Amino acid sequence: MNKVYKLPIIVIGILFIVAFIGPIFVPYDPFSYDAASLLSPSADHWLGTNRLGQDILSQLIYGTRTSILIGLCIAACSTILVVVLGLLAGYFPILDKVINGVANVLLVLPNLLLILIIMSFAGGGMAQLVIILSLLSWPSYMRIVRSAVLTLKEREFVKSSQLFGGHSLYILRAHIFPHLRPIVKTKFILTCKSAILTEAGLAFLGLGDPNFISWGSMLNEAFSQPSTFLNSSWTWIVIPPVLFLTILTMSLAFLLEEKTKKPSKLKKVAIDTIQNGLDDLAAYHVNIAFEEKKVVSDVSFQIKSGEIVSLIGPSGSGKTTLARAMYGLLPTDVWSGDIQYDGKSVRNPQFANDCYWKTCAYIYQDARSAFNPLLKLKDQFLEIGISMEQSVAAVEEVSLPKNILEKYPHECSGGMLSRSLIALAFANKPKFIIADECTSALDPILKKEIVLLLEEKVRAYNISLLFITHDMDVAYAISDRTLSIVEGHVEEEVLFNARGSQFK
Ligand SMILES: Nc1ncnc2c1ncn2[C@@H]1O[C@H](COP(=O)(O)OP(=O)(O)OP(=O)(O)O)[C@@H](O)[C@H]1O
């Protein structure tokens, strides 16, 4: 586990123990005035006493409990409001106007002023504070949850659950809420932090609940005497509550750091001296594992300039995983070995900048999800660094009309998008292309068309192609060689004169 992630958990754990077990062991009643005023730290009073003769250590321990309880109560109430109202507003259009309207009103109100006025008139009780802060702190995050729900309810898995007759509450709980967990976690932690700070601020201003000791009320008491900073008493009456407040709020902020995933158990294999000549695509001793599960074992192969090699294998054998590693799309800690294009390693952080769409291109399995739905196709062509004229030439080369560049992906058919993706891959005339089951979603006629187009272009420009498929016919029809992958092991099957089988 990441150290930055672990430390705040330990600190917060210790503060919880102090808050909930500490009061059992406190040496003095935090409200009693029995001791002398402003005693410096000693064996009797470890952190000294304040102006009223109250024990600072006992107050600090009770203050920790108050701050943590306030933070947890407000964060829980506010987060429940955010989730429930956000789900209802996003999923049921009829409730959206009402909930959104209330949120809009609350968002324009000056919160701090409102809290000060209400706390002054309501007497500053803890219950009032929890209610006011919970009611004022939900609108902004509710809007985020609502937007996420609006997007999620258009996704296919939600639509199909609706078609199967799923009840709205079931869909909200099982299909939508799990996607909101990162937002909910962030909201809970940030609200907890700001509630602790707000309570401390109000108590410091003298608007806290007089029945509870809090870090803010300790500071209020410390600053109520003009001589605080004229002698050394500030070191034991000001520093402890400020330090605890800082430590707790900083730990909460760091709690938002992402936990690193468990690293996969891959042995680093020493790579032999690089043997591939230029113009080769080479994989050396590639091993891929996700946590405990090994997906690809010690795979090595080379593809020479202009060669078409198919990687075939049953579903789940590791084809896509290997292809993703070959294009540098997998995190480097889940795979070992090396993969090189023209002697350039995908492990090099500069590889993506220097080579993507220039030296090598990748044709994704699903053309529709490869394009950004909010950008016209022309913007996505220009993104790879070619001019408008080159984009027009690229689409015309795959027999598409040039006006397709003015369309958004949703205005194109699956076949048009597959052709566009091929046009994009060939636009810079790269030396290598990896095509990952790029025809799997197409009907047989279109599949044949796209495969033959791909082969024609690859041969015409002498490009090396790694074609991933589980369709043997297609593999035999267009490849110079096939590699078959079974349970993560690659075996080579050389084919002579195989091209021209029944696929054509
Ligand atoms: N991110 C991941 N975490 C854990 N396991 C994964 C991950 N990605 C893939 N796998 C596992 O790796 C194995 C190979 O998956 P992969 O998608 O490479 O298969 P495939 O040969 O391309 O299958 P298909 O032809 O059905 O697409 C599967 O068992 C899969 O569960």
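All values reported here derive from a predicted model rather than from experimental measurement. Atoms within a ligand are numbered from 1 in the order they appear, just like the ligands themselves.
The ring-ring contact (aromatic ring centres under 6.0 Å, His included) check on Phe16 picks up Phe20, with sequence neighbours excluded. With sequence neighbours left out, Lys376 forms a salt bridge (charged side-chain N to carboxylate O under 4.0 Å, His left out) with Glu406. Residues that satisfy the side-chain contact (heavy atoms from CB on, under 4.5 Å) test with Leu382, not counting sequence neighbours, are Met388, Ser391.
Ser137 and Thr191 share no donor-acceptor pair across their side chains, judged by distance under 3.5 Å alone.
Side-chain rings of Tyr362 and Tyr356 stay apart, their centers remaining 6.0 Å or farther from each other.
A distance-only check finds a donor-acceptor pair linking the side chain of Lys153 to the backbone of Gly90 [under 3.5 Å].
Near ligand 1, Phe290, Lys293, Val295, Pro314, Ser315, Gly316, Ser317, Gly318, Lys319, Thr320, Thr321, Glu437, His470 each place a heavy atom less than 4.0 angstrom from the ligand.
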